[in-house]
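In each ligand, atom 1 is the first atom listed, and ligand 1 is the first ligand listed. Side chains included, hydrogens not; waters and symmetry mates left out as well; all remaining heavy atoms used.
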Amino acid sequence: MKNVYLDNNATTPVLPVVVDALLPFYQHAYGNPSSIHWAGREVKGAVDNARQQVADLINATPQEIVFNGCGSEGDNQALIGSYEMLKSNGNHIITTAVEHPAVLDTCRYLETKGACVTYLGVDSEGMLDLAELEAAITDQTILISVMWANNETGCLFPIGEIGRIARKHQIRFHCDAVQALGKVAIDVAECGVDLMVFSGHKIGAPKGVGALYVRDGIELESLIHGGHQEQGRRAGTLNVAGIVAFGKACAVAQQQFDDDVARMMVLRNRLQQGVLALPDVTLNGHKDNRLPNTLNVSFSFIEGEGLLLYMDMVGIAASSGSACTSGSDGPSHVLAAMGVAEAVLHSSVRFSLGPQTTQDDVDYVLEQLPPIVDKLREMSPMLEREFSSDCLVVECEIDPH
Ligand SMILES: Cc1ncc(COP(=O)(O)O)c(C=O)c1O
């Protein structure tokens with residue numbers, strides 16, 4: 001059976017060149033980069049190089065990169081570390097209702113510590129109203145936190161414009177760019193962010209390494225205490241192999257950016273065209289203003305989870321939303337915020353392509369999907385309900401009483 005992996009927003013396969021780059025650090029290059037002897041110096045050079053590679057991809061300086069364990073850690077530090085630093089100036093944070101749980105749950109945690117959080121809504125295409133954002137600013141506002149690309153729908157927010165608003169009001173601006181890295185051109189100098197979060201496993205590096213961009217001059221509390229690593233911003237012996245891998249993945253992403261983005265976009269559009277040609281399938285998210293690799297659709301009368309199981313049986317891996325929320329019974333908070341109708345809220349599936357996705361993969365999905373959809377609809381209690389409610393309407397109309 002063919003295996004097709006279309007869940008790259010959940011995680012990506014580690015690139016072979018990245019494996020080659022990291023292996024020496026599990027073999028002979030075992031030193032601690034904080035040690036001053038030859039073994040430490042050998043790996044310190046590799047960490048410095050990786051820091052430069054990550055910085056280059058986003059037009060930062062190496063000193064502005066803090067390596068950490070994952071995107072969730074970066075979001076936690078950006079929010080909690082900023083709140084701790086700025087709470088004497090005010091307690092108000094502005095974010096959106098469609099952020100990843102790494103931001104939303106951290107905001108809820110900060111509410112228990114005295115923060116007051118505004119969760120901005122989005123329209124039916126997943127877009128923000130910037131006038132609403134600006135109007136939400138008060139003299140207590142200390143932080144704006146808005147993601148660059150939504151992990152479920154791929155919708156893009158105008159980070160440069162939000163950065164300008166934040167600058168105008170002199171408010172710190174954090175952006176979760178975990179899904180944007182490698183798929184959107186990021187220039188931290190241009191877009192006016194103070195803090196930005198990235199995760200290695202979303203761009204071909206292994207799990208367990210992330211990076212937090214901290215603009216020069218921005219003060220931030222550390223979440224982890226006990227050492228002076230990362231300029232005192234993240235204590236703990238560095239994950240050298242992971243960091244080297246992340247650096248290499250960033251270098252590859254920079255080198256191949258135009259080709260990868262163009263290829264993913266062509267294949268995503270091919271998939272989109274085929275899937276939307278099926279009856280009663282709707283696109284979730286903005287038609288154009290979206291990541292080049294993401295397609296989120298609702299299949300009326302079908303449970304998304306059921307569709308995922310049937311696709312899995314023929315080797316197709318997709319997702320019903322974010323990896324972190326699939327497995328929970330609740331509907332997607334992102335689609336709910338977009339006002340997606342209750343009837344199709346549970347019918348959504350996210351396909352997310354990667355640079356390794358081929359036209360064969362897409363065509364295989366387009367071949368396998370229609371019979372699965374037909375079969376599930378035949379079995380669907382949702383469809384039966386729909387028909388029986390139609391019948392009731394007809395009966396009522398002919399009944400004179
Ligand atoms: C937008 C976004 N932010 C944060 C995260 C968390 O990243 P990590 O898995 O590295 O903790 C994810 C992961 O899916 C994400 O999509």
Side-chain angles (χ1 to χ4, degrees), residues 5-14 18 54 58 65-81 95-109 119 122 126 128 145-157 159 162 174-184 186 193 195-213 223-224 234 239 242-243 245-246 249-250 253 284-285 290-296 317-328 332-335 337-338 348 350-354:
Y5 185 74
L6 294 184
D7 201 11
N8 289 272
N9 286 9
T11 198
T12 56
V14 181
V18 167
V54 175
I58 59 169
I65 303 299
V66 176
F67 284 118
N68 58 22
C70 58
S72 301
E73 182 185 332
D75 283 329
N76 271 260
Q77 188 176 3
L79 290 156
I80 298 172
T95 189
T96 82
V98 297
E99 298 293 310
H100 188 272
V103 167
L104 287 179
D105 289 353
T106 307
C107 283
R108 286 185 198 114
Y109 164 76
Y119 300 91
V122 292
L128 270 181
S145 177
V146 176
M147 70 199 321
W148 197 313
N150 189 273
N151 44 301
E152 293 191 32
T153 59
C155 285
L156 301 171
F157 287 146
I159 294 306
I162 298 169
H174 161 243
C175 174
D176 173 341
V178 165
Q179 293 294 345
L181 193 69
K183 302 172 209 158
V184 170
I186 296 178
V193 289
L195 300 161
M196 195 173 267
V197 165
F198 309 103
S199 175
H201 73 102
K202 308 290 185 180
I203 66 154
K207 293 144 195 75
V209 62
L212 173 61
Y213 160 80
L223 295 184
I224 303 177
R234 206 268 188 178
N239 167 10
I243 289 169
F246 193 11
C250 287
N284 295 314
R290 226 174 348 132
L291 285 174
N293 76 320
T294 306
L295 174 64
N296 188 315
S319 159
S320 62
S322 74
C324 315
T325 47
S326 58
S328 74
S332 148
H333 70 284
V334 175
L335 300 187
M338 287 161 58
S348 70
R350 177 188 72 186
F351 299 96
S352 49
L353 287 66

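With a 4.0 Å heavy-atom cut-off, ligand 1 is reached by no atom of Lys207. Residue-level proximity to ligand 1 for Lys202 is carried by the side chain, the only part with a heavy atom below 4.0 angstrom.
Residue Asn151 has at least one heavy-atom neighbour below 4.0 Å for each of these atoms of ligand 1: 1 (C), 16 (O). Within ligand 1, counting atoms from 1 as listed, the ones closer than 4.0 Å to a heavy atom of Ser199 are 8 (P), 10 (O). Taking every heavy atom of Ser72 and a limit of under 4.0 angstrom, the matching atoms of ligand 1 come to 6 (C), 7 (O), 8 (P), 11 (O). Atoms of ligand 1 found under 4.0 Å from any heavy atom of Asp75, numbered from 1 in the order shown, are 3 (N), 4 (C). The distance from ligand 1 to the heavy atoms of Met147 drops below 4.0 Å at these ligand atoms: 1 (C).
Relative to atom 9 (O) of ligand 1, the option among Glu152, Gln179, His201 with the closest non-hydrogen atom is His201. Taking only non-hydrogen atoms, the option from Asn9, Val197, Val209, Asp176 nearest to atom 4 (C) of ligand 1 is Asp176.
Looking only at atom types and distance, the side chain of Asn9 has a donor-acceptor partner in the side chain of Thr294 under 3.5 Å away.
Under the side-chain contact (heavy atoms from CB on, under 4.5 Å) criterion, Ala78 pairs with His174, Leu195, Leu212, sequence neighbours left out. Residues satisfying the salt bridge (Lys or Arg N to Asp or Glu O under 4.0 Å) test with Arg290, not counting sequence neighbours, are none.
The nearest pair of heavy atoms linking Met338 to Asn284 is CE-C, 4.1 Å.
You'll find the side chain of His100 reaches within 4.5 Å of the side chain of Asp176, heavy atoms only. Residues Thr96 and Tyr119 fail the side-chain proximity criterion, which asks for heavy atoms closer than 4.5 Å. You'll find the side chain of Val178 stays beyond 4.5 Å of the side chain of Asn151, heavy atoms only.
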